[in-house]
Amino acid sequence: MNNAAATSLTNLAQSLRQTDIRAVANRYAAQLQLCCPHSPTSFPLARTIHAHMIASGFKPHGHILNRLMDVYCKSSHLVYARHLFDEIPRPDVVSRTTLIAAYSSAGDPRLAREIFDRTPLSIRDSVCYNAMITGYSHNNDGHAAIELFREMRWNGFQPDNFTFTSVLGALALVADHERHCQQLHSQVVKSGTGDKTSVLNALTSVYVKCASSPSASSSLLMGAAKKLFEETPVKDELSWTTIITGYVRNDDLDAAHQVFIGMSEKLVVAWNAMISGYVQKGCVSEAFGMFRKMHGLGIRHDEFTYTSVLSACADTALFPHGKQVHAYILRTEEKPTLDFTLSVNNALISLYWKCGKVDEARKIFEKMPIKDIVSRNAILSAYVGSGRVTEARSFFSEMPERNLLTWTVMISGCAHYGLAEEGLKLFSQMRSHGLEPCDYAFAGAITSCSVLGSLENGRQLHAQLVRLGFDSSLSAGNALITMYARCGVADAAHCLFFTMPFVDSVSWNAMIAALGQHGHGVQALELFEQMLKEDILPDRITFLTILSACSHAGLVEEGRRYFDSMLGLYGIKPGEDHYARLIDLFCRAGKFSEAKEVIHKMPYKPGAPIWEALLAGCRIHGNMDLGIEAAERLFELMPQHDGTYVLLANMYSSVGRWNDRARVRKLMRDRGVKKEPGCSWIEVENMVHVFLVDDIVHPEVNAIYSYLKELVSKMRKLGYVPDTKFVLHDMESEQKESALSTHSEKLAVAFGLLKLPIGATVRVFKNLRICGDCHNAFKFMSKVVAREIIVRDGKRFHHFKDGQCSCGNYW
DNA sequence: CTAGGGTTAG
């Protein structure tokens, strides 16, 4: 055989093999086409095909490789895709783009950017830029998205409709989006994509978002949005819903409805947009009207319709309505998809628990064929929201996955139920899991600081909040007002309140409460009047706060007048809690006949809070008979409550009725009632130091006792006489009834004076009410050491300065 | 291979 013949044979064999390979490749390609990207069977199918390739020695490349990678990515098996990618020497731009998109949607734009950066400029195209821009925008990095868009244009790539929709989406994430918006609008026009429905929708959407930013001139920008919508030649579902929700967000339900009416075809999404709009704005009957109209026109409700309507029922406690919808769903939806079942059941869980049916909510949860993080968070919220802390804790600890909301619910729950240490621990645990807290989580942690009186910790959280850009957050701001006030820095609370960019009724309530607790009753009332002037409607909390403020400052007539205005001017029916505070107001001022009259006239059967207020007032004024009556009622209503026994025993001892006092003590012992031990604490150098009565546990007790002794002798020279009556006054000194007994608040104050920088204000916290002798002693002490001493007790604040207390002995 | 809206957990 000559050489020519040999060459020809080799060629033939090669070409045969090539056609062979091409045929194989086509077969693989056809098989891979059968993998539906998001179906659950796609991954095992792809694995089988891939395994077959490996066995037959076929090396995937080109579009087959890319298709295989894409299937792996879409079924969240990125590792397999990456493995394939790493095996090819020079991956093409399509496989790179596939990975960029996959990393982005997996929440890792940094890995995506790594691939992007390693892609040579020569093989880049618009698509890979688009994928990366979207990646940033989906991961909330608007600036990076815009920056990359600039780079793309700088490098000479032509933006297309995908580019514009992505970058327009990213605009909403940055602060000055209004300026960018107009620039991009003109670029769209120049690019020739200005007639594309998708781009026009995205532009409309950005104008809508601009309009709803607080500083914007909404009507002008909504006008621009409307114009864009009207000039969209081919409108799709999105065009309609974008403009409808745009109006809803900008509080123009009528305009939204006008657009809706002008719709030629009745799209379910548009109905849903209207319904959810009505729900969000609290127009429940309108929402229901549309829901029924859909049914009448034969338009099928979907999961979005149901969830909107159910959440409306949940938030307005329309349980019967919600239950009817539940029944209707069970009747009409015969073959619901898993997605449908999941979201509808999630909405049902929140309906049931918000209407007080926690156990039924749990039953729904148990029966769900699939559950997700939303279902679990809803159950957790149910337990937390209804005060079932133990169940919440165990449910939380067994959750298979947790997200930002999970932690936030637990943290704010702990704060709300006074489990402050646990709340702060969870907050730091959450961060050590790499989760960035949102403003609600911060608010929870800050509330824990208020409970503990941990000012330093609270200040640090405030600083972090500002650094993270949450400084305009309402929830965090309101929590901070309370924190500063409850840590004794009323000025800081005031300053914050007046510098907050937006405030709501909660902020006003918090600030009024701050003034009231610190004994500034008149200022509290002035602030309330200012609130009314600014057209903020008071709520039931406002009045609770106002009544307390009046009570602390002895403003009896004012308090009575505001109480009367509740129903008369604002249509708020006073609850039993309001009556209790009114009675407290009268009793503290010694006006017992008024108090009794209120009790007789009020529309409630007097419960524990009423008798407690009465008893406390009787103790202050030594009204024995009425006090005993109140105590008797309380023994019936809550025999295990320690406070009643303590107050009654103290009343007896103050008039020397020792036998009666002993009888109360015995009663307490016989019923196994334990007195909550009094304890005081103080924060020094970011550490909380706790003291009990006659403390011998704190490492520095010896120094404290000798310092106290020194102080007392100086105080005596100014006229201080230790009041031995108060040794018996508080049952802290149960075991050791000698005049030497030292209350926890004295220890904490002395410790503060010793440890804090010279001249620094001493802030001490006590769980129970401050003892009378301590109250007297601190007046002298503030003079002797020439420092301000602030004590927060269970009820209010006492500022001791120059021998005086801010409470004016009225507490 | 890449985009844009309507819902449920505080």
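Letters A, B, ... mirror the listed sequences (proteins, then strands); counts begin at 1. Basis for what follows: all heavy atoms, side chains included, without hydrogens, waters or symmetry-related copies.
In this structure, Ile370(A) atom CD1 and dT8(B) atom P are separated by 18 Å, rounded to whole Å. Following rounding to the nearest Å, Phe395(A) (CZ) and dA9(B) (C1') show an atom-to-atom distance of 11 Å. As rounded to whole Å, 15 Å separates atom P of dG10(B) from atom CE of Met410(A). To the nearest angstrom, P of dT7(B) lies 13 Å from CE of Met294(A). Spacing between atom CD of Glu237(A) and atom C1' of dG4(B) amounts to 13 Å, rounded to whole angstrom units. The separation between Asn272(A) atom CG and dT8(B) atom P is 11 Å, rounded to whole Å. Atom pair Ile379(A):CD1 and dG10(B):C1' shows a separation of 15 Å (rounding to whole Å applied). Distance CD (Glu303(A)) to P (dG5(B)): 17 Å, rounded to an integer number of Å.
Between dG5(B), dC1(B), dG10(B), one nucleotide has an atom nearer to the side chain of Asp70(A) than all others, and that is dC1(B). Taking every side-chain heavy atom of Lys74(A) into account, dC1(B) is the closest of dG5(B), dC1(B), dT7(B). Closest approach to the Val127(A) side chain among dG5(B), dG4(B), dT2(B) is made by dT2(B) (side chain taken as heavy atoms from C-beta onward).
His50(A) and Tyr80(A) share no donor-acceptor pair across their side chains, judged by distance under 3.5 Å alone. When only modelled atom types and interatomic distance are considered, Arg362(A) and Tyr383(A) share a side-chain donor-acceptor pair under 3.5 Å.
Applying the 4.0 Å criterion to OP1 and OP2 of dT8(B), one finds that Ser311(A) has a side-chain N or O inside that range. Within the 4.0 Å cut-off from OP1 or OP2 of dG5(B), not a single side-chain nitrogen or oxygen of Thr245(A) is found. For the OP1/OP2 pair of dG6(B) and a distance below 4.0 Å, the side-chain nitrogens and oxygens of Gln280(A) include no atom meeting the criterion. Dashed line: the shortest gap from a side-chain N or O of Arg376(A) to OP1 or OP2 of dT8(B) is not under 4.0 Å. OP1 or OP2 of dG6(B) has not a single side-chain nitrogen or oxygen of His301(A) nearer than 4.0 Å.
Counting non-hydrogen atoms under 4.0 angstrom, Asn66(A) reaches nothing in the nucleic acid. Base engagement by Asp236(A) is indicated by at least one non-hydrogen atom pair under 4.0 Å involving a base atom. Residue Arg249(A) is classed as a sugar-phosphate contact, given heavy-atom separations below 4.0 Å to backbone atoms only. Looking at heavy-atom distances under 4.0 Å, His138(A) makes contact with sugar-phosphate atoms alone, never a base. Here Ser166(A) lies in heavy-atom contact (under 4.0 Å) with sugar-phosphate atoms only. Within the 4.0 angstrom heavy-atom criterion, base atoms lie near Asn403(A). Residue Cys438(A) is in base contact, counting any heavy-atom pair closer than 4.0 Å across all strands shown.
The side-chain hydrogen bond (donor to acceptor under 3.5 Å, both in side chains) test applied to Asp236(A) returns Asn201(A), Ser239(A), not counting sequence neighbours. By the side-chain hydrogen bond (donor to acceptor under 3.5 Å, both in side chains) test, Asp125(A) pairs with no residue at all, sequence neighbours left out. Legend: residues meeting ring pair (Phe, Tyr, Trp, His ring centres under 6.0 Å) with Phe229(A), ordered by chain and number and at least two apart, are Trp240(A).
Ring geometry, Phe288(A) versus Phe291(A): the interplanar angle exceeds 60°, so the pair is classed perpendicular (tilted spans 30 to 60°).
For residues 343-355 of chain A, proximity to DNA chain B is found at Ser343(A), Asn346(A), Ser350(A), Trp353(A), Lys354(A), defined as any non-hydrogen atom under 4.0 angstrom from a strand atom.
Judged by distance alone, with hydrogens and angles left aside, Asp302(A) brings a side-chain donor or acceptor within reach of the base of dG6(B), the pair sitting under 3.5 Å. Residue-to-nucleotide contacts include a donor-acceptor pair under 3.5 Å from the side chain of Thr97(A) to the base of dC1(B).
Stacking is not found between Phe304(A) and the pyrimidine-like six-membered ring of the dT7(B) base under the 5.5 Å centre-distance and 30° plane-angle cut-offs.
Evaluation of the ring-ring contact (aromatic ring centres under 6.0 Å, His included) test over residues 112-134 of chain A, restricted to residues two or more places apart or in two chains, returns Phe116(A)-Tyr129(A), Tyr129(A)-Phe157(A). Under the side-chain hydrogen bond (donor to acceptor under 3.5 Å, both in side chains) criterion, the residue pairs touching residues 97-110 of chain A are Arg82(A)-Tyr103(A), with sequence neighbours excluded.
Between the side chain of Thr197(A) and the main chain of Val234(A), a donor-acceptor pair closer than 3.5 Å is present.
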